[in-house]
Protein chains: 2
Amino acid sequence: MTGSNIRRSMPLFPIGPVMQLTELTARQIRYYEEHQLISPARTDGNRRMFSLNDIDKLLEVKDLIDQGVNMAGIKHLFALKNQEANPILKAEKTERELSNDDVRRLLRKEIVQAGRFNLPTSNPGNMNRFFH
Amino acid sequence: MTGSNIRRSMPLFPIGPVMQLTELTARQIRYYEEHQLISPARTDGNRRMFSLNDIDKLLEVKDLIDQGVNMAGIKHLFALKNQEANPILKAEKTERELSNDDVRRLLRKEIVQAGRFNLPTSNPGNMNRFFH
DNA sequence: AAAATCATGTGAGGAAATCTGACATGTTAT
DNA sequence: ATAACATGTCAGATTTCCTCACATGATTTT
């Protein structure tokens with residue numbers, strides 16, 4: 001796993017922001033977890049914490065649901081995707097921990113062009129409170 | 001403002017994750033806000049929501065504090081930084097709203113290599129619960 | 001068509017996270 | 001030594017999130 005992948009799997013978001021970013025309800029998100037499409041981390045206090053990977057997946061789920069695919073189908077699709085990805089990953093060079101300097105260096109350059117977020121289309125004004 | 005800047009100023013994080021990412025206490029973060037070094041957004045329920053820009057700033061504040069600079073000094077430094085940045089910004093091409101397709105395109109490629117986060121150094125084991 | 005399944009809504013009751021405000025404390029500057 | 005600064009800590013209130021249960025409309029199966 002590379003540094004950026006580590007970051008992509010760092011659980012940062014509670015469910016609230018995830019709802020806004022994905023335009024899914026809490027109920028939907030929990031339901032998808034129930035069906036093991038995602039496995040968000042938990043805080044000590046048992047609250048879900050989502051990584052950017054989780055959010056990515058949720059957006060894919062949303063797309064697929066919109067296209068009529070059901071839980072089982074999505075699960076299979078995700079499994080396939082992993083089959084494709086893994087052999088590549090196996091060929092990848094061995095995991096290396098990031099030094100803090102690595103982090104610094106990485107971060108000095110642009111970063112976070114943020115992550116595959118759907119800016120809401122349905123209600124084009126509702127992000128106003130987001131910018132200051 | 002470019003698309004990625006919009007994203008950098010999108011309030012995504014409640015104070016909890018920000019504490020972990022910056023290794024600052026809630027008290028410190030609120031104190032810095034009190035002294036107007038940051039201006040996190042608020043939810044409808046009055047909770048602070050921090051953007052990546054805010055987190056950036058907090059990390060700078062932390063560095064400067066460590067170097068003995070006080071609130072007033074940091075405030076001036078930030079002001080200077082903006083003075084430098086703004087003329088460039090003014091020369092920048094006029095603001096253009098992102099279409100959803102723009103977003104899609106942006107997001108298809110790598111994204112979020114996450115953002116200038118200090119992986120805690122003091123307690124190298126304490127991120128374990130973060131990866132799954 | 002009736003029954004079952006699916007995906008989601010909704011509400012209750014409780015626990016966790018965050019809020020503001022006040023006071024305490026160790027450090028640095030005057 | 002006093003004052004100003006930066007942070008810790010506590011209390012009480014509010015918000016967010018949790019699980020569990022039941023309701024409901026849409027599809028699929030029988």
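This is a predicted model, so every value here is computed, not measured. The chains referred to below are lettered A, B, ... by the order of the sequence lines, with proteins before strands, and numbering in each begins at 1.
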**Message:** What is the separation between atom CD1 on B:Ile29 and atom P on C:dA17, rounded to the nearest whole Å?
**Reply:** 15 Å
**Message:** For A:Glu33, is there an ion pair with A:Arg42 - N to carboxylate O distance below 4.0 angstrom?
**Reply:** yes
**Prompt:** Tell me: CD1 of A:Ile65 to C1' of C:dT8, nearest whole Å?
**Reply:** 10 Å
**Request:** Give a yes or no on whether A:His76 atom NE2 has more than 12 heavy-atom contacts from other residues, nucleotides or ligands under 6.0 Å away.
**Result:** no
**Request:** Look at the side-chain N and O atoms of A:Tyr32 and state whether any lies under 4.0 Å from the OP1 or OP2 oxygen of C:dT8.
**Result:** yes
**Prompt:** Does the side chain of A:Leu58 come within less than 4.5 Å of A:Lys62's, by heavy atoms?
**Reply:** no
**For atom CD of B:Glu23 and atom P of D:dT7, their distance in whole Å** = 14 Å
**Asked** Do A:Gln36 and A:Lys75 have side-chain heavy atoms sitting under 4.5 Å apart?
**Response** yes
**Message:** Just the rounded figure in Å: distance from P of C:dA7 to CG of A:Asp66.
**Reply:** 13 Å
**Request:** Could you check B:Asp54, B:Ile74, B:Val61 and say which one makes a side-chain contact (heavy atoms from CB on, under 4.5 Å) with B:Tyr32?
**Result:** B:Val61
**Message:** Just the rounded figure in Å: distance from C1' of C:dA7 to CG of A:Leu37.
**Reply:** 12 Å
**Message:** If we ignore hydrogens and angles and just use 3.5 Å, is the side chain of A:Gln28 paired with the main-chain N or O of A:Thr25 as donor and acceptor?
**Reply:** yes
**Message:** Measure CE/B:Met71 against C1'/C:dA29 and give the value in whole Å, please.
**Reply:** 15 Å
**Contact pattern, 5' to 3', of nucleotides 15-30 of chain D - B, S or - by protein heavy atom under 4.0 Å** = BBBSB-----------
**Asked** Does the side chain of A:Tyr31 get closer than 4.0 angstrom to OP1 or OP2 of C:dA7 through an N or O atom?
**Response** yes
**Asked** Rounded to whole angstroms, how far apart are CD on B:Glu34 and C1' on D:dT7?
**Response** 11 Å
